[in-house]
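Predicted model only: the values in this text are computed from it and were never measured.
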Amino acid sequence: MRSRDLAAHVGITESNLSLLKSGKVRGIRFATLAAICEYLDCQPGDILVYDADAPDLS
């Protein structure tokens with residue numbers, strides 16, 4: 001699958017999708033997450049991972 005296709009379906013830029021994939025974002029809208037999961041036919045837990053050692057961004 002191409003990032004371009006996923007970004008177009010979800011309605012975000014390829015740059016923002018790249019940031020999501022790299023983990024360099026502080027949050028994601030539920031609507032965006034739902035659109036990604038719909039396109040990939042997966043559940044949020046299939047693509048999200050909790051990292052207890054991640055720096056606190058607040």
Side-chain angles (χ1 to χ4, degrees):
M1 160 176 314
R2 292 184 175 180
S3 293
R4 177 182 303 168
D5 297 333
L6 178 58
H9 175 80
V10 172
I12 61 175
T13 65
E14 288 183 70
S15 298
N16 284 339
L17 182 59
S18 179
L19 291 171
L20 285 170
K21 292 189 322 184
S22 68
K24 295 181 180 178
V25 294
R26 295 175 65 162
I28 182 172
R29 293 180 181 190
F30 286 121
T32 302
L33 180 59
I36 291 171
C37 288
E38 175 192 338
Y39 192 77
L40 298 177
D41 190 27
C42 68
Q43 294 295 312
D46 296 333
I47 57 176
L48 298 176
V49 177
Y50 172 72
D51 183 0
D53 296 326
D56 182 14
L57 300 175
S58 55

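- Considering Leu17, Thr13, Ile12 in turn, Thr13 is the only one that fulfils the side chain to side chain contact (heavy atoms under 4.5 Å, CB included) rule with Ser15.
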In residues 34-49, what donor-acceptor pairs under 3.5 Å come from side-chain atoms, sequence neighbours left out?
from	atom 1	to	atom 2	distance (Å)
Asp46	OD2	Gln43	N	2.9

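- Note: Lys24 NZ to Asn16 CG = 13.5 Å, rounded to the nearest 0.5 Å.
- A single hydrophobic cluster is not seen to contain both Phe30 and Val25; linkage of ILVMFWY side chains at heavy-atom distances under 4.5 Å, directly or through other members, places them apart.
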